[in-house]
Amino acid sequence: MARYELVKRSVALITLTNPPVNALSSAVRHGIAKTMERALSDPKVTAVVICGENGRFCGGADIREFAGPLRGPPLVPLLDLIEAGEKPVVAAIEGVALGGGLELALVCHYRIAHFKARLGLPEVTLGILPAAGGTQRLPRLIGIPAALELITTGRHVSAQEALKLGIVDQVTEQNACEVAVEFALRAIAKPLSSRRLSSLTTPCPPNLDALLEAVTMQIQKKARGVMAPLACVQAVRAAATMPYSQGIKRESELMATLFHSGQARALQYCFFAERTAGKWTLPSGAQWNDTKPREIRSAAVIGLGTMGRGIAVSLARVGIPVIAVESDKKLLETGRQMVIGMLERDAKRRGVSASLNLLKFTLSLEDLKDVDLVIEAVFEDMALKKSVFRELSKVCRPATLLCTNTSGLDVDALAGVTDRPQLVIGMHFFSPAHVMKLLEVVCGPRSSSETVATAMSLGKRMGKVSVAVGNCPGFVGNRMLKPYSDQASFLLEEGATPEQIDKALEDFGFAMGVFRMSDLAGLDVGWRVRKESGLTGPDVDPKNPPRWRQGRKYCPIPDMVCEQGRFGQKTGRGWYVYDKPGGTNAKPDPLIQNLLETYRSRYGIKPRNITDQEIIERCLFALANEGFRILEDGIAARPEDIDVIYLFGYGFPRHRGGPMFYASMVGLQRVLERLEHYHQAHPDVPHLEPSPLLKKLVACGSPPVQKWREHIKTMHSHL
Ligand SMILES: CC(C)(COP(=O)(O)OP(=O)(O)OC[C@H]1O[C@@H](n2cnc3c(N)ncnc32)[C@H](O)[C@@H]1OP(=O)(O)O)[C@@H](O)C(=O)NCCC(=O)NCCSC(=O)/C=C/CCCCCCCCCCCCC(=O)O
């Protein structure tokens with residue numbers, strides 16, 4: 001796990017060999033300990049270079065080991081030993097030096113980085129802190145403000161920024177290993193004491209307390225309830241106020257508070273879930289690693305509304321020529337200006353030039369005859385979409401992939417009007433499409449494996465986290481949203497207020513509660529969908545009981561809010577009132593309070609006191625309950641896929657792991673009991689009846705989330 005060679009007759013070259021990222025597993029730590037001992041004790045060796053195999057220095061501690069008992073040599077004494085050695089040690093950083101990888105580099109006396117390398121201490125994103133001396137050595141090297149920023153955010157820096165900050169000594173465009181060996185030979189005669197970071201005094205700003213206080217407040221505002229960044233601040237404070245020997249103890253105490261925490265487990269689960277989500281499998285057996293995607297050299301986007309614009313920008317900025325189509329001249333011109341503006345701003349932010357030459361705008365679908373792939377992003381109306389797909393089927397060459405950006409309509413019905421149903425697939429982007437990372441790739445029953453592979457690979461190329469899902473109304477994300485927001489509406493009926501529900505959800509960790517989020521998205525969107533599905537509006541039979549639709553209890557309060565022209569932020573009024581249309585400062589509105597009181601008295605509902613616990617349980621357990629049904633129906637292949645969709649598309653707090661992981665952390669038995677309790681208390685409220693899969697998992701002893709698949713794999717898959 002660490003190779004040893006003698007190069008240039010006197011330099012010991014130690015190569016970490018644990019592909020793909022040379023993580024510091026127990027075996028690698030053993031390897032480092034053994035090879036370092038050999039290098040330090042061999043009189044022929046005058047200097048040491050440490051590098052990583054396959055052009056990657058080291059991706060840090062082996063995160064998979066955190067779940068089990070800790071074995072092998074502990075990192076801190078091993079790293080202290082390297083730093084204390086009397087022979088110069090040079091880190092040759094290629095690829096990445098992250099977490100424990102950077103901490104390893106920090107105990108080397110010199111650091112040479114390849115110009116493409118990235119460095120950072122991302123432990124905070126895994127719910128822990130850089131506990132191999134990183135919180136003590138980095139501040140000593142680059143000062144408190146810069147170290148605090150890197151450690152509390154986990155941000156990666158480029159080699160060039162690392163050089164400016166003083167993290168590395170040299171950046172090279174050549175082979176970093178060879179440069180490091182030459183560097184090591186020159187370092188032999190130089191004294192090492194000033195290169196041992198643990199022996200340095202941390203350069204301290206005069207306003208240390210104020211700085212730490214400001215950063216703490218910033219963290220509390222941005223990452224409410226998240227523990228790791230706050231522990232990082234305390235560890236950095238120790239670097240500023242204590243000698244290394246005490247600081248490292250404080251670092252380890254703080255690590256002990258985080259290491260086994262639910263937040264650390266959730267965040268580490270998210271890390272792996274995100275990577276698992278890209279590994280799709282179809283019922284045919286075709287999967288991500290045996291199906292070659294087609295190369296997409298050109299694309300088209302139909303419709304330049306909010307979604308279409310964002311999609312066009314997402315394609316063009318990764319170098320794909322895009323033809324954008326609108327139905328009339330005025331809309332085309334507005335869309336053109338918007339797309340160009342967005343692309344220019346995006347390029348400016350990234351410090352690159354805007355690829356405007358890749359864009360073409362047209363009114364004619366005929367211009368799409370030669371493109372490799374089309375993404376339809378017209379109004380969410382089945383008849384309109386069908387007419388577009390019929391037309392595309394006529395004008396595009398037979399091999400063109402036809403994708404729809406519907407947020408919930410039947411992808412197979414669209415495939416059915418084309419001459420190539422196997423090349424039709426859903427690509428459900430989230431708004432704003434050039435910003436949001438999530439892409440639901442909706443596989444119809446007739447989508448070919450090559451089509452799935454191509455859509456998934458295009459998503460990755462656009463920097464999206466792509467998840468393959470099956471075809472059903474609302475797919476995964478929007479299907480689950482309904483039980484969640486329905487519970488919130490029923491809670492309003494029963495006595496809660498929008499601000500109380502939002503506060504409970506925001507205290508749980510959501511950036512915005514369900515009502516603030518609806519105000520942001522626009523209440524008219526859901527109203528239109530409800531009208532189209534006959535839940536409200538003129539199509540409802542007047543003899544229908546007012547709070548009953550399609551055989552279920554129905555809460556009409558959201559419709560009543562819309563009937564008053566309150567469409568959310570854009571109209572200055574929705575569930576809240578705003579200082580102006582488009583304003584963002586949400587204030588509770590007495591008119592909504594009146595509306596709720598009038599409604600309750602009209603239907604003889606006696607408002608009751610609703611606790612935050614009930615809000616969280618009813619909204620989130622109903623959400624997860626629908627997730628279990630989605631797994632049963634084979635619409636999502638694994639709970640990880642659902643969680644990734646909720647993390648990246650719906651702002652589910654990452655430190656809670658996603659709705660399915662959260663349910664497993666609460667305990668499936670408890671979730672089942674609470675759903676049964678609420679279902680008994682409110683038998684007519686939909687979505688509270690526990691799903692068969694939840695009951696089955698509890699009956700099987702509540703296996704961990706990674707094992708649920710074993711209990712559902714025999715079920716029918718729509719994927
Ligand atoms: C940028 C990357 C490195 C590479 O990205 P990319 O090229 O896109 O590749 P990926 O798809 O992401 O990854 C490829 C596969 O590699 C797996 N992987 C990646 N990194 C790791 C890792 N660090 N460990 C394990 N596995 C890893 C990944 O899952 C992929 O696998 P697969 O192909 O899907 O199967 C990118 O991967 C990346 O960003 N990686 C993570 C970098 C990171 O976050 N590093 C920090 C890790 S944590 C760390 O280093 C901590 C250091 C402190 C050490 C503390 C020691 C423990 C002390 C314990 C104290 C306990 C107190 C207890 C108290 C008590 O019990 O009493």
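Order of listing sets the numbers, starting from 1, for every ligand and every atom in it. Just so you know, these numbers come straight off a predicted model, no measurement behind them.
- Between Leu126 and ligand 1, no N or O atom pair is found at a separation short of 3.5 Å.
- Note that atom 32 (P) of ligand 1 has protein non-hydrogen atoms nearby, at separations under 4.0 angstrom.
- Atoms of ligand 1 found under 4.0 Å from any heavy atom of Ala131 (numbered from 1 in listed order, with element): 53 (C).
- Here is the list of ligand 1 atoms found below 4.0 Å of a heavy atom in Gly99: 46 (C), 50 (O).
- Nearest protein neighbour of atom 17 (C) of ligand 1, counting heavy atoms only, is Pro20 CG, 4.7 Å.
- Nearest protein neighbour of atom 4 (C) of ligand 1, counting heavy atoms only, is Arg56 NH2, 3.7 Å.
- Residue contacts with ligand 1 for Ala61 involve both N, CA, C or O and side-chain atoms from C-beta outward (heavy atoms, distance under 4.0 Å).
- Annotation: atom 20 (N) of ligand 1 to nearest protein heavy atom, Val21 CG2, 3.4 Å.
- No N or O atom of Phe271 sits closer than 3.5 Å to an N or O atom of ligand 1.
- Counting protein heavy atoms under 4.0 angstrom from atom 56 (C) of ligand 1 gives zero.
- Residues Glu251 and Thr135 have side chains that bring a donor and an acceptor to within less than 3.5 angstrom of each other.
- Of all atoms in ligand 1, numbered sequentially from 1 with element shown, those under 4.0 Å from a heavy atom of Arg118 are 1 (C).
- Taking atom 58 (C) of ligand 1 as the reference point, the nearest protein heavy-atom neighbour is Met255 CE, 4.2 Å.
- Atoms of ligand 1 lying under 4.0 Å from any heavy atom of Glu103, numbered from 1 in the order shown and given with element: 52 (C), 53 (C).
- Remark: atom 22 (C) of ligand 1 lies closer than 4.0 Å to at least one protein heavy atom.
- Looking at ligand 1, you'll find an N or O of Arg275 within less than 3.5 Å of one of its N or O atoms.
- Contact annotation: His260 has at least one heavy atom less than 4.0 Å from an atom of ligand 1.
- Checked against the 6.0 Å centroid criterion, the rings of Tyr662 and Phe508 qualify as a close aromatic pair.
- We find that Lys464 and Glu440 are not joined by a salt bridge, their nearest charged nitrogen and carboxylate oxygen being 4.0 Å or further apart.
- In the model, Arg140 has no side-chain atom that pairs as donor or acceptor with a side-chain atom of Tyr244 under 3.5 Å.
- Under the 4.0 Å distance rule, the nearest protein heavy atom to atom 44 (O) of ligand 1 falls inside the cut-off.
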